[in-house]
Colleague: 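Questions regarding the structure given below will be posed in turn.
What you are looking at is a predicted structure, and each value in this text was computed from that prediction instead of being measured. Residue numbers count from 1 along this sequence. Just so you know, these numbers use all the heavy atoms, side chains as well, and skip hydrogens, waters and symmetry mates. Whatever order the structure lists ligands and atoms in, that order sets their numbers, starting from 1.
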Amino acid sequence: MASKEMYAWGAKASVIRDLFTYGQEQAAKIGAENVFDFSIGNPTVPAPACIKEAIEEIINTREAVAVHGYTAAAGDTAVRQGLADYMNAAYDADVNPENFYMTCGAAASLTITLKALVESADDEIIVIAPYFPEYTAFIENASADKVVVPPDLEHFQIPFADLEKAITPHTRAVIINSPNNPSGVVYSEETYKKLSTLLKEKSAAVGHAIYLIADEPYREIIYDGLPILYVPKYYENTIICYSYSKSLSLPGERIGYILVPPTAADSKEVYTAVCGAGRIMGFVCAPHLFQDVVLKCLGKTSDISVYDENRKLIYTGLKELGYNCVYPSGAFYLFVKSPEPDAAAFSNKAKALNLLIVPADSFGCPGYVRVSYCVNPEMIKRSLPAFAKLIEQYKQPL
Ligand code: PLP
């Protein structure tokens with residue numbers, strides 16, 4: 001006997017994982033150089049040198065017991081102090097160590113934050129399409145209802161009229177993700193200002209604070225000199241869910257944090273609930289060694305210029321072939337309109353050419369595919385003839 005609900009989650013196939021596994025099998029059969037796998041968002045730029053240096057320094061100079069022992073549940077005090085100092089210097093954030101809760105990456109940051117905020121089974125969490133599919137699982141874990149705002153297919157910013165309609169007295173929080181997976185879009189300052197005005201008005205109307213959960217694993221992966229905006233400056237009831245998985249290429253190490261700024265409504269209560277949620281879900285503490293490692297690497301990132309080069313290659317390459325692509329300003333995904341309404345059928349045609357691209361239906365955006373370009377640049381170049389053959393199938397004969 002097992003929980004039917006959990007069994008269903010465990011048995012549910014993931015389109016991304018399935019494509020990735022298929023790619024590995026194909027590579028064994030026809031050679032890795034003939035498979036163009038754009039399915040998964042695993043960083044391909046190595047972690048910066050400071051990571052290895054920090055690990056070596058820590059393990060060579062500290063007692064093993066001190067290196068590997070538990071930390072406080074919220075994280076090591078020196079680490080949280082370092083983070084507060086860094087955020088204050090870099091973003092003029094005005095935050096304190098006791099506003100930070102160290103986590104096992106963004107997935108944990110989000111699950112804990114949602115669990116901490118949701119009060120009753122009537123609570124609603126709004127997500128804006130296209131959105132990271134795992135939000136569905138995280139929201140269900142908190143026993144809340146997911147409310148989807150349809151995508152703004154013109155700019156992929158926030159469709160405000162639809163967001164306004166989606167807010168009800170049950171709305172507890174809105175999750176945003178910029179730079180966005182899968183659209184690659186970065187929210188503009190104007191978007192944050194409008195969002196703040198709307199959420200303030202609606203919070204007053206419903207009689208409680210509507211929290212904004214800023215899911216920011218791609219915060220520093222941003223191009224064209226765009227500024228990194230500190231969201232609580234625009235809307236004070238923002239909780240930041242951060243991760244080092246992408247910015248420092250550490251997805252397997254599981255390290256990130258939750259920031260509940262002092263300006264957020266009921267900041268202390270929310271923070272205490274975050275501690276409670278982490279506890280009840282058995283997180284105990286974030287990996288100690290990597291708390292110390294990220295402290296030594298504050299402000300550093302992997303070499304983002306490599307992703308930028310890939311971005312230019314794939315965006316220009318596909319545009320020249322006639323694909324309709326969303327201009328990517330951040331993260332490492334290109335969002336492409338399927339030339340037929342059924343993106344799964346399009347993805348299958350691509351698969352027949354050994355091009356692995358993900359239909360975006362599970363991201364709440366049917367009719368689009370996600371091309372993950374955290375790959376070897378040579379693979380992008382080699383894949384272009386296959387992309388050309390693919391679009392040819394949709395061109396009418398003269
Ligand atoms: N949020 C978004 C938008 C993501 O793309 C991902 C991972 O791809 C996550 C959260 C989870 O990241 P982590 O590996 O830090 O748990």
Side-chain angles (χ1 to χ4, degrees), residues 14-17 19-20 38-45 47 51 75 100-115 125-142 146 148 151 156 158 173-187 212-222 231 238-259 277-278 281 283 286-287 290-291 293-294 301-302 304 307 326 328-335 358 360 362-365 370-375:
S14 145
V15 192
I16 303 177
R17 287 272 151 197
L19 273 174
F20 179 68
F38 294 97
S39 64
I40 212 154
N42 208 6
T44 41
V45 175
I51 295 289
F100 288 88
Y101 182 92
M102 302 305 294
T103 65
C104 303
S109 302
L110 289 160
T111 354
I112 293 172
T113 301
L114 287 164
K115 189 89 178 164
I125 305 294
I126 296 181
V127 300
I128 295 159
Y131 60 87
F132 183 53
E134 288 303 288
Y135 292 165
T136 308
F138 305 157
I139 294 170
E140 186 157 322
N141 178 61
K146 181 183 77 176
V148 179
F156 288 89
I158 295 175
V174 178
I175 306 180
I176 54 166
N177 166 229
S178 170
N180 187 264
N181 172 12
S183 75
V185 159
V186 173
Y187 287 166
L212 182 63
I213 302 176
D215 177 24
E216 300 195 333
Y218 302 97
R219 184 198 288 156
E220 296 83 1
I221 307 179
I222 193 165
V231 186
T238 300
I239 299 172
I240 294 180
C241 290
Y242 186 76
S243 165
Y244 293 94
S245 292
K246 317 286 174 171
S247 60
L248 285 173
S249 305
L250 296 175
E253 306 302 349
R254 314 307 303 142
I255 188 77
Y257 62 78
I258 299 166
L259 169 57
M281 289 191 283
F283 280 109
F290 275 84
Q291 291 188 42
V293 168
V294 296
T301 65
S302 302
I304 285 154
Y307 297 134
V326 178
S329 302
F332 36 54
Y333 307 103
L334 181 67
F335 212 42
V358 179
S362 62
F363 292 84
C365 197
R370 185 189 79 169
V371 178
S372 187
Y373 61 80
C374 46
V375 295

Colleague: Can you check whether G41's main-chain N or O pairs, donor with acceptor, with K246's side chain at less than 3.5 Å?
Modeller: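 Side chain of K246 to backbone of G41: a pair is present.
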
Colleague: Residues around ligand 1, heavy atom under 4.0 Å from any ligand atom, sorted by chain and number. Can you pull those?
Modeller: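 Correct list: G105, A106, A107, F132, N177, N181, D215, P217, Y218, S243, S245, K246, R254.
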
Colleague: Keeping S249 on the side-chain end and V45 on the backbone end, is there a donor-acceptor pair under 3.5 Å?
Modeller: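 Yes, the answer is positive, given that a donor and an acceptor are paired below the 3.5 Å cut-off.
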
Colleague: If the condition is ring-ring contact (aromatic ring centres under 6.0 Å, His included), which residues does Y135 pass it with, not counting sequence neighbours?
Modeller: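 By the ring-ring contact (aromatic ring centres under 6.0 Å, His included) rule, Y135 matches F132.
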
Colleague: With a 6.0 Å cut-off on the ring centroids, do Y218 and Y307 count as close?
Modeller: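 No, the ring of Y218 stays outside the 6.0 Å limit from the ring of Y307, centre to centre.
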
Colleague: Using atom types as modelled and distance alone, determine if a side-chain donor or acceptor of N177 lies under 3.5 Å from a backbone N or O of D215.
Modeller: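 Side chain of N177 to backbone of D215, a donor-acceptor pair under 3.5 Å: yes, one is there.
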
Colleague: When you check the side-chain N and O atoms of S247 and Y242, is any donor under 3.5 Å from an acceptor?
Modeller: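 A pair is found: one side chain offers a donor N or O, the other an acceptor, under 3.5 Å apart.
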
